[in-house]
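The next block holds one structure in the form of structure tokens; read it before the comments.
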Amino acid sequence: MYQKFIITQDGVLRFGHVYQHRDLLTWGEECPYGGGLWKVDEERRAILLYGRSFVFGPPQIEQVKRIEWSGTGGAPRPLFYLPHWPSEEQLVPVMV
């Protein structure tokens, strides 16, 4: 299983431990805003979003309206997107 995320048509950022990004969708949902991978950065006490979904494309972070934290253990943390991964020089905060 891999740590993946998607952004649904309603702007919901959903995390999970799945093989495929489509496994994060519920019945009737679509993923027009892409997805990628995530990891916990213990040093920053944050979650980092990076990469892209081969099926749904790169994440459109500006479309996030709500975050479902249950896939990360349920507790909100600071959230950052790495647009030039694997470089961690630029961290874009994800705001809702």
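Position 1 is the first residue of the sequence; numbering continues from there. Worth saying up front: this structure is predicted, and the values here are computed from it rather than measured.
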### Query
Would you say F15 and V55 are hydrophobically clustered, going by side-chain heavy atoms of ILVMFWY under 4.5 Å?
no

### Query
Is there a path from F5 to L79 through hydrophobic residues (I, L, V, M, F, W, Y) whose side chains come within less than 4.5 Å of each other?
yes

### Message
Less than 4.5 Å apart, side chain to side chain, heavy atoms only: is that true for V12 and I6?
### Response
no

I'd like a table of donor-acceptor pairs (distance under 3.5 Å, sequence neighbours excluded) in which one partner is a side-chain atom from residues 58-76, with atom names and distances.
{"residue": "E68", "atom": "OE1", "partner": "R14", "partner atom": "NE", "Å": "2.9"}
{"residue": "E68", "atom": "OE2", "partner": "R14", "partner atom": "NH2", "Å": "3.3"}
{"residue": "T72", "atom": "OG1", "partner": "W69", "partner atom": "O", "Å": "2.9"}

#### Entry: Minimal non-hydrogen separation, G28 against Q9, with atom names
O-NE2, 3.9 Å

### Query
Between H21 and G36, is there a donor-acceptor pair closer than 3.5 Å when you use the side chain of the first and the backbone of the second?
yes

#### Entry: salt bridge (Lys or Arg N to Asp or Glu O under 4.0 Å) contacts touching residues 15-27 (sequence neighbours left out)
none

### Task
Starting from the C-alpha separation in whole Å, work towards a yes-or-no answer on side chain to side chain contact (heavy atoms under 4.5 Å, CB included) for Q3 and H17.
CA-CA 5 Å; Q3 293 176 307; H17 293 82; 3.5 Å; yes

### Message
Test of understanding: with side chain to side chain donor-acceptor pair (under 3.5 Å), list the residues that count as partners of T26, not counting sequence neighbours.
### Response
E29

### Query
Taking all atoms of both residues into account, what is the closest heavy-atom pair of C31 and I7, and its distance?
SG-O, 3.6 Å

### Co-members of Y50 in a cluster of I, L, V, M, F, W and Y side chains, linked at under 4.5 Å
L37, L48, F80, L82, W85, L91

### Query
Listed by chain and number, what are the side chain to side chain donor-acceptor pair (under 3.5 Å) partners of T8, not counting sequence neighbours?
none

### ILVMFWY clustering at 4.5 Å (side-chain atoms), partners of Y2
M1, Y19

### Query
Is there a side-chain contact between F56 and L25 (heavy atoms, below 4.5 Å)?
yes

### Task
Check P83 against Q90 and note the closest heavy-atom contact, atom names and distance.
CD-O, 3.5 Å

### Query
Do any pairs count as a side-chain hydrogen bond (donor to acceptor under 3.5 Å, both in side chains) and have a residue in residues 37-47, sequence neighbours left out, and if so which ones?
K39-E88, D41-R44, R44-E88

